[in-house]
Enquirer: 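Got a structure for you, written out below as structure tokens; questions coming shortly.
Naming convention: chains lettered A, B, ... in sequence-line order (proteins, then strands); numbering from 1 in each chain. The figures here come from the full heavy-atom set of this structure, side chains too, leaving out hydrogens, waters and symmetry mates.
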Amino acid sequence: MDLTYTEEEEAFRAVLREWLATALLKLPDRPSPHDWPGRRAYDTAWQRTLYDAGYGHVHWDASPTQRLIFLEETEKAGAPYVGANFVGLLHAGPTIASEGTPEQRARWLPPVLRGEEVWCQGFSEPDAGSDLASLRTRAWRDGDHYVVSGSKIWTSHAEVADWCELLVRTTPVSEAVPKHRGITWLAMPMDAPGITVRPLRTLAGSTEFAEMFLDEVRVPVAHRVGDENDGWRVTMVTLSYERGTAFVGEVVACRRVLGEIAREARRNGRWDDPALRRRLGRLAAEFSALWRLTQWNVSEAQRTGGVPGAGGSVFKLRYSHARQELYDAAAHVLGEDALDLGHEWTLDRLSSLAYTIAAGTSQIQQNIVAERILGLPKGR
Amino acid sequence: MDFQLTDDQRALRTGVRELLEGRLSSRASLRDTAGRIDRGLWRELGEAGFFSLALPEDRGGVGLGPPEAVLAFEEAGRVLLPGPAVATFLAAGEVVGAGTGEAVVTAVDGTLVPWLEEADVVQGDVTGAVPLRSVDPLTPLHRVPGAPRPGRGVLLHAAEQLGSAVRTCETAVQYAREREQFGQPIGAFQAVKHLCAQMLVRAEVARAAVYAAAVTGDALEAAGAKLLADDAAVRNARDCLQVHGGMGFTWEADVHLHLKRAWVRARLGQVADEAEEALASAL
């Protein structure tokens with residue numbers, strides 16, 4: 001067990017830190033959360049800056065430890081996170097890199113790395129959220145095209161995306177074809193005729209995701225990643241990345257926010273309440289442990305050749321609840337100001353409610369832990 | 001950075017586990033030792049280097065560090081090793097015979113002294129010590145008057161709590177796979193699955209905290225680790241009891257021993273409100 005970084009890793013950190021100090025000076029003001037074109041421009045420009053400095057590939061090519069350092073340092077420096085580039089960089093990109101043909105990699109990966117094209121995620125459906133494999137959006141072959149009809153929901157970044165990683169059913173479910181088979185992974189251009197996007201307003205007031213209606217949308221067969229009916233396996237490649245090191249920067253941010261909450265409590269007098277101090281002390285232990293668990297998981301991934309293990313589910317379960325408790329504590333410290341949408345912590349408190357739902361609800365994660373790690377039998 | 005067990009550390013853990021499980025695997029052996037220390041086992045542990053693990057080799061020790069000590073005490077926690085193992089370990093090199101397991105050493109730890117009457121050497125002022133009818137049948141306790149004395153073995157107590165939390169999780173999972181109700185193993189029911197999943201989460205979060213505190217040697221990190229390990233041990237024992245149903249409420253299962261010991265350990269080393277205040281003041 002060793003928590004010291006190698007010379008090479010420390011050198012990577014030092015060069016990155018020095019670069020960030022100057023790069024961030026040139027960063028324009030952050031656009032409002034409601035200005036989607038502005039957000040797209042801001043996020044893709046940052047990705048271009050990273051690319052030009054040689055950090056564009058860091059989510060794909062760097063070792064797990066280097067990626068940990070990258071996320072730690074960028075968060076500490078106050079640099080933007082992936083934002084509108086999220087799906088392209090962390091979902092569709094790694095999937096195409098791993099499962100795509102050489103032509104597909106050449107077509108889709110460079111624009112993602114250079115911040116030129118934005119992707120959205122078309123996985124969930126109104127009747128297939130947590131039970132993703134029950135999706136019903138149909139695709140059938142017409143010559144060298146698939147024709148797609150159906151609807152998607154929770155389609156992140158749909159408003160500004162150029163491409164959609166789309167899961168469709170290419171073979172109906174039957175006794176011979178269970179629901180996990182018969183699914184195919186397609187790259188759908190968002191300007192194709194037949195696509196209607198209806199933004200959904202989140203309880204935090206923003207439009208992070210949308211409903212999407214597909215009416216006989218034509219997608220070239222050449223845009224299929226992986227084999228026909230093999231989309232479930234292809235998708236699992238993507239999800240394992242999501243549950244791997246996706247929250248590194250956020251844990252660093254939560255530790256910073258906890259310090260800010262303590263400073264605010266000392267300023268406004270609530271620090272005199274021993275119950276509050278103890279609550280914040282416990283949160284300090286919690287986020288310290290979550291940071292160590294992150295290092296544990298990253299070290300494990302490093303040993304197994306970069307594949308994130310099942311520890312991701314353990315981490316997400318605990319982190320998503322801890323984040324909600326952190327902002328509840330912030331609200332306690334703020335008092336009436338916690339009801340003011342003008343306060344950053346109020347918006348963050350509202351957003352934190354997504355964490356126990358998105359990317360597999362806490363209930364689904366508990367099933368995963370129980371069945372895949374502990375080996376408990378599947379229920380009926 | 002390679003925050004995983006080395007091959008040597010895995011081998012050490014396996015060795016300690018085999019030694020302890022060989023001697024303390026059955027309920028009967030635990031019951032027979034109630035209130036008494038198995039001197040034979042104590043000496044055997046001494047010979048194996050358990051108490052002198054962290055002493056330099058030129059002082060008769062094994063020359064290992066806090067991470068190895070934590071791994072050994074995690075194993076002690078798994079099997080509910082009876083006796084003041086933490087105090088004896090800390091006294092190795094200070095008290096003659098402690099490192100070899102010839103002497104049983106206890107100490108005033110917070111407001112409590114475990115094993116006061118059985119111990120050969122008692123460290124700290126025990127004037128006015130009053131016996132408790134200890135809730136844990138395997139740990140006799142005395143209370144000492146006055147202000148609490150800070151304990152030294154915060155991280156080792158935390159490691160024992162971790163071992164207990166891991167063990168009760170494993171026990172619950174095993175029971176949930178075997179015990180059938182309504183025509184299927186109870187582990188197939190989501191309500192039971194979710195109890196078990198949360199037990200693993202608590203244990204793994206505590207593990208990361210305890211191991212990291214052993215590596216960094218940071219007192220505040222050890223305080224946080226104890227906090228989380230106390231929580232994991234107590235709550236996992238309760239959930240394990242729940243999974244066992246009525247059987248968990250009896251002496252037929254070991255679960256109650258884990259819960260009672262976890263309550264005792266939570267009062268040793270550093271108690272929760274002290275740890276929370278210490279962590280808060282550093283924010």
Enquirer: A quick test of your reading: do over 12 heavy atoms of other residues, nucleotides or ligands sit less than 6.0 Å from CD of Glu344(A)?
Expert: no
Enquirer: Hey, what do you get for CG (Asp2(B)) to CD (Glu300(A)), rounding to the nearest 0.5 Å?
Expert: 11.0 Å
Enquirer: Examine whether an atom of Thr6(A) lies under 4.5 Å from a heavy atom of chain B, and if so say whether it belongs to the side chain, the backbone or both; otherwise answer neither.
Expert: both
Enquirer: So, using side-chain hydrogen bond (donor to acceptor under 3.5 Å, both in side chains) as the criterion, who are the partners of Arg238(B) when residues are at least two apart?
Expert: none
Enquirer: Would a 4.5 Å heavy-atom cut-off, applied to side chains only, mark His194(B) and Asn367(A) as touching?
Expert: yes
Enquirer: Which atoms of Gln295(A) come close to chain B, meaning under 4.5 Å heavy atom to heavy atom: side chain ones, backbone ones, both, or neither?
Expert: both
Enquirer: Is Met1(B) close to Leu68(A) at the side-chain level, that is, under 4.5 Å between some pair of heavy atoms?
Expert: yes
Enquirer: I need the residue from Val192(B), Leu195(B), Val205(B) with the largest number of non-hydrogen atom pairs under 4.5 Å to chain A.
Expert: Val205(B)
Enquirer: Please give me the minimum heavy-atom distance between Val173(B) and Leu376(A), naming the atom from each residue.
Expert: O-CD2, 3.8 Å
Enquirer: If contact means a heavy atom pair closer than 4.5 Å, which residues of residues 319-335 of chain A contact chain B?
Expert: none
Enquirer: Do the charged groups of Glu204(B) and Arg318(A) touch, with an N to O distance under 4.0 Å?
Expert: no
Enquirer: Which distance, rounded to the nearest 0.5 Å, do you find between the NZ of Lys193(B) and the CD of Gln363(A)?
Expert: 13.5 Å
Enquirer: Look up atom OH in Tyr211(B) and atom CG in Leu293(A), then write down how far apart they are to the nearest 0.5 Å.
Expert: 12.5 Å
Enquirer: Tell me, side chain or backbone of Leu374(A) under 4.5 Å from chain B's heavy atoms, or both, or neither?
Expert: both
Enquirer: Return the OG1 to CG distance between Thr216(B) and Leu3(A), rounded to the nearest 0.5 Å.
Expert: 7.0 Å
Enquirer: I need the Glu277(B) CD to Leu280(A) CG distance, nearest 0.5 Å.
Expert: 10.5 Å
Enquirer: Determine the option with the most heavy-atom pairs under 4.5 angstrom with chain B, choosing from Arg282(A), Glu371(A), Arg292(A), Met1(A).
Expert: Met1(A)
Enquirer: Quick check: under 4.5 Å, non-hydrogen atoms only, which of residues 283-291 of chain A neighbour chain B?
Expert: Ala284(A), Ala285(A), Glu286(A), Ser288(A), Ala289(A)
Enquirer: For Glu8(A), I'd like to know if atom CD has over 12 heavy atoms of other residues, nucleotides or ligands within 6.0 Å.
Expert: no
Enquirer: If you compare all heavy atoms of Arg177(B) against all heavy atoms of Pro377(A), which two are closest, and at what distance to 0.1 Å?
Expert: CG-CD, 4.3 Å
Enquirer: Mind checking the CZ-CG spacing from Arg277(A) to Leu279(B)? Nearest 0.5 Å is all I need.
Expert: 13.0 Å
Enquirer: Less than 3.5 Å apart, any donor N or O on the side chain of Gln198(B) or Gln366(A) sitting next to an acceptor on the other?
Expert: yes
Enquirer: Where is the tightest heavy-atom contact between Ser299(A) and Gln4(B), given as atom of each residue plus distance?
Expert: CB-CG, 3.7 Å
Enquirer: Give, as side chain, backbone, both or neither, the part of Leu228(B) having an atom under 4.5 angstrom from any heavy atom of chain A.
Expert: side chain
Enquirer: What residues of residues 63-74 of chain B sit under 4.5 Å from chain A when you count only heavy atoms?
Expert: Pro67(B), Leu71(B)
Enquirer: Does atom CD of Glu178(B) have more than 12 heavy-atom neighbours, drawn from other residues, nucleotides or ligands, at distances under 6.0 Å?
Expert: yes
Enquirer: Where does Glu170(B) contact chain A at under 4.5 Å (heavy atoms): side chain, backbone, both or neither?
Expert: neither
Enquirer: Answer with side chain, backbone, both or neither: which region of Arg266(A) has an atom nearer than 4.5 Å to a non-hydrogen atom of chain B?
Expert: side chain
